[in-house]
Amino acid sequence: MKRIGLYLGFPPEGGGAFQYAQSVLDALLNLPPSRYEILVAYSHTAWSPKLQKLDSRVLKIATHEGKLETLVRTALRFGLPLSIWRNIAKYVHPFTRQLMDQGCDLWLFPAQDVWTYAIPSPTLGVIHDLMHRYERRFPEVSAFGLFHRRERHYRRLCRHAKGVLVDSEVGKQQVLESYDIRAEHIHVLPYVAPAYMRSEYVPDDFDKRYHLPPKFLFYPAQFWEHKNHCRLLRALAAIRPKAPDLHLILAGSKKNAYPRVLEEIQRLGLEDRVQILGYIPDDDVPVFYRRARALVMPTFFGPTNIPPLEAIAAGCPLAVSNIYAMPAQVGNAALLFDPESVEEIAQALLQLAGSDELCVRLAEAGKAKSLRWGQVQFNKRFQTIVESIVGK
């Protein structure tokens, strides 16, 4: 019997990290119970009610990340010698000792966590992207020494983890190009949309809380510069004479580009065409996708992204950037454009706004694609990866 541990060191409101952890947790629960024992450790109390719903065979332990853990994280990010730390951690660090005492054959860290290599135990880590290397022009991945901290982090992860999960073949190639790691230690496990995206449920007070226009585009993304909101706004303004009834709804937390987005909305006179929402609860998100004319995602980051999968699962047409592994991720279920080109973005928006036939075709292609890769297929590949690391 092998024991596999999953560490959840972030709150359930952790955005993409939470969605990804949900997929991994589902895959863990579908490992053969006769061969695997599952343990979930968590450090945020908000996880407790969610985890109580799990199968009784899953062991659950609460951990604590306090000031000492914050200090250790910071020290590791800024260059604390890892060899020294790994030799003394179990003796001086109660958190490390607690995890190691669980006797796990493998620990999974789904959020690119420093504990992936700071815990001297067999681990399976994750590299969601290396955009600090491939899109260094954006300050959110390069400014104030962040580039060098990310480099140190990923080098250590590749050196010490038993395996590394990536989202695509492009992601695997980027890791091979960037770090000293054997190809067989990198495992491609594409993202999947959370199951609730297929829900038809509409909260009773949904229409009271949101006043959605009849025809709108939806872009759920934090307001980072790489999310490219400003070019999207310029494209919307450019087609306004031909699509005067088309609106745009933006959802996401305020980041470094937020002031510029507000300025651009005012400069272009789009105050009556753009709504900005903050955090949207999980139960509400599928309703936005189902009612939207389309998802539009002009991001500069990849290799792939989760919102296109959410849209596909919810039956929503989409238009996305033609970068990295995004074309392979969406296939024929999306219009593609150059995120640098306002003209190409505008042309895609105009096509979506003006053709019901196109929207139906994209939605149908998305449904077919979602049948070929979903949670069932994710679970099977995940089991193959785990068995390649810990053995059958």
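The model shown is predicted, which means the values in this text are computed figures rather than measured ones.
The aromatic rings of Tyr191 and His128 lie tilted to each other, with the angle between the two planes from 30° to 60°. The aromatic rings of Phe218 and Phe216 lie perpendicular to each other, with more than 60° between the two planes, well past the 30° mark. Ring geometry, Phe378 versus Phe382: the interplanar angle falls under 30°, so the pair is classed parallel (tilted spans 30 to 60°). A perpendicular orientation is assigned to the rings of His226 and Phe138, their planes being inclined by more than 60° (bins at 30° and 60°).
Of the residues listed (Val296, Ile312, Leu362, Leu335), the one engaging Leu318 in a side-chain contact (heavy atoms from CB on, under 4.5 Å) is Ile312, and it is the only one. Each of Tyr42, Trp47, Phe95 was evaluated against Tyr7; a single residue qualifies, Phe95, per the ring-ring contact (aromatic ring centres under 6.0 Å, His included) test.
For the residue pair Asn30/Gln383, the side-chain donor-acceptor check at 3.5 Å is not satisfied. Side-chain contact check for His132 and Tyr154: no donor-acceptor pair (N or O, by modelled atom type) lies under 3.5 Å. Residues Tyr196 and Asp283 bring no donor and acceptor atom of their side chains to less than 3.5 Å of each other. Looking at Gln222 and Ser253, their side chains do bring a donor and an acceptor atom within 3.5 Å of each other. Counted by atom type alone, Thr304 and Asp167 present one or more donor-acceptor pairs between their side chains at under 3.5 Å. Side-chain atoms of Gln22 and Asp26 include no donor-acceptor pair closer than 3.5 Å.
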If you apply the rule salt bridge (charged side-chain N to carboxylate O under 4.0 Å, His left out), what do you find for Asp356 with Arg293, and how did you get there?
CA-CA 9 Å; Asp356 294 343; Arg293 184 72 173 182; 2.6 Å; yes
Report the C-alpha distance between Leu233 and Ile265 in whole Å, list the side-chain angles of each, state the deciding distance to 0.1 Å, and finish with yes or no for side-chain contact (heavy atoms from CB on, under 4.5 Å).
CA-CA 7 Å; Leu233 292 169; Ile265 291 171; 3.7 Å; yes
Decide salt bridge (charged side-chain N to carboxylate O under 4.0 Å, His left out) for Glu225 and Lys255; before the verdict, give the C-alpha distance in whole Å, the side-chain angles of both, and the deciding distance to 0.1 Å.
CA-CA 8 Å; Glu225 285 193 22; Lys255 298 296 182 181; over 6 Å; no
Evaluate the ring-ring contact (aromatic ring centres under 6.0 Å, His included) criterion for residues Phe301 and Tyr134: first the C-alpha distance (whole Å), next the side-chain angles of each, then the deciding distance (0.1 Å), finally the verdict.
CA-CA 9 Å; Phe301 276 19; Tyr134 293 88; over 10 Å; no
Any chance you could lay out the salt bridge (charged side-chain N to carboxylate O under 4.0 Å, His left out) test for Asp105 and Lys162, step after step, and finish with the verdict?
CA-CA 11 Å; Asp105 297 279; Lys162 294 277 287 185; over 6 Å; no
side-chain contact (heavy atoms from CB on, under 4.5 Å) assessment of Arg290 paired with Val202:
CA-CA 10 Å; Arg290 289 201 306 273; Val202 180; 3.5 Å; yes
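By the criterion of side-chain heavy atoms lying less than 4.5 angstrom apart, applied directly or through intervening Ile, Leu, Val, Met, Phe, Trp or Tyr residues, Trp115 is not grouped with Leu71; the two fall into different hydrophobic clusters. Residues Leu80 and Val92 share a hydrophobic cluster, clusters being chains of Ile/Leu/Val/Met/Phe/Trp/Tyr side chains in contact below 4.5 Å. Hydrophobic clustering places Ile4 together with Leu124 (ILVMFWY residues linked when any side-chain heavy atoms are closer than 4.5 Å, directly or through intermediates). Under the 4.5 Å side-chain heavy-atom criterion for grouping Ile, Leu, Val, Met, Phe, Trp and Tyr, Leu189 is not connected to Leu130 through any hydrophobic cluster. Leu352 and Leu336 fall into different hydrophobic clusters, where Ile, Leu, Val, Met, Phe, Trp and Tyr are joined by side-chain heavy atoms under 4.5 Å apart, directly or via other members.
Ring to ring, Phe206 and Phe288 are close: their centroids are under 6.0 angstrom apart. When ring centroids are compared, His229 and Trp224 stay outside the 6.0 Å threshold.
Taken to the nearest 0.5 Å, the CG atom of Leu176 stands 11.5 Å off from the NE2 atom of His185. To the nearest 0.5 angstrom, Leu246 atom CG is 8.0 Å from Leu248 atom CG. Rounding to the nearest 0.5 Å places CE of Met131 at 12.0 Å from CD of Glu140.
Formation of a donor-acceptor pair under 3.5 Å by the Arg273 side chain with backbone atoms of Pro244 is found in this model. Using modelled atom types, no side-chain atom of Ser355 and backbone atom of Gln351 make a donor-acceptor pair closer than 3.5 Å. The closest donor-acceptor contact from the side chain of Gln266 to the backbone of Val261 lies at 3.5 Å or more, if one exists at all. Remark: side-chain polar atoms of Lys215 are paired, donor with acceptor, to backbone N or O of Ala353 under 3.5 angstrom. Tyr210 places no side-chain N or O within donor-acceptor distance of the main-chain N or O of Leu277, the cut-off being under 3.5 Å. Side-chain atoms of Glu310 never come within 3.5 Å of backbone atoms of Pro194 as a donor-acceptor pair (strictly under, hydrogens ignored). Checking side-chain atoms of Arg152 against main-chain N and O of Arg77 turns up a donor-acceptor pair under 3.5 Å. No donor-acceptor distance shorter than 3.5 angstrom exists from the side chain of Asp284 to the backbone of Ile280, with no hydrogens or angles considered. Proximity of a side-chain donor or acceptor of Glu387 to a complementary backbone N or O of Thr384 within less than 3.5 Å is not detected.
Using a cutoff of 4.0 Å between basic side-chain nitrogens and carboxylate oxygens, Arg209 and Asp205 are scored as salt-bridged. Look at Arg133 and Glu177 and you find no salt bridge, because none of the NZ, NE, NH1 or NH2 atoms lies under 4.0 Å from a carboxylate O. Ionic pairing of Glu364 and Lys367 is present here: one or more N-O contacts between side-chain nitrogen and carboxylate oxygen are shorter than 4.0 angstrom. By the 4.0 Å N-to-carboxylate-O rule, Arg150 lies close enough to Asp129 to be salt-bridged with it. Arg240 and Asp245 are not joined by a salt bridge, as no carboxylate oxygen comes within less than 4.0 angstrom of a charged side-chain nitrogen. Between Glu264 and Arg234, at least one side-chain N (NZ, or NE/NH1/NH2) sits under 4.0 Å from a carboxylate O, which counts as a salt bridge. Comment: Arg73 engages Asp113 in a salt bridge, judged by a side-chain N to carboxylate O separation of less than 4.0 angstrom.
A search for side-chain hydrogen bond (donor to acceptor under 3.5 Å, both in side chains) contacts involving Arg137 returns Glu135, Glu340, not counting sequence neighbours. Under the side chain to side chain contact (heavy atoms under 4.5 Å, CB included) criterion, Phe78 pairs with Thr74, Arg149, sequence neighbours left out.
Contact record, Ile345 with Asp338: CG1-O, 4.1 Å, taken as the closest heavy-atom pair. Nearest approach of Ile239 to Ala346, heavy atoms of both residues: CG2-O, 3.5 Å. When every heavy atom of Leu165 is checked against every heavy atom of Tyr20, the shortest pair comes out as CD1-OH, 3.4 Å. The shortest non-hydrogen separation linking Thr116 to Thr123 is O-OG1, 2.7 Å. Of all the heavy atoms in Ala313 and Ala193, the pair that sits closest is CB-CB, 3.9 Å. Summarising the geometry of Trp85 relative to Ala118, their closest heavy-atom pair is NE1-O, 3.3 Å, with the distance given to 0.1 Å.
The side-chain tip of Arg3 does not point at the ring of Tyr36 from less than 6.0 angstrom away and within 45° of straight on. Judged by a 6.0 Å distance limit and a 45° cone about the ring axis, Arg156 is not positioned over the six-membered ring of Tyr179.
The stretch residues 311-322 participates, sequence neighbours left out, in no salt bridge (charged side-chain N to carboxylate O under 4.0 Å, His left out) pair at all.
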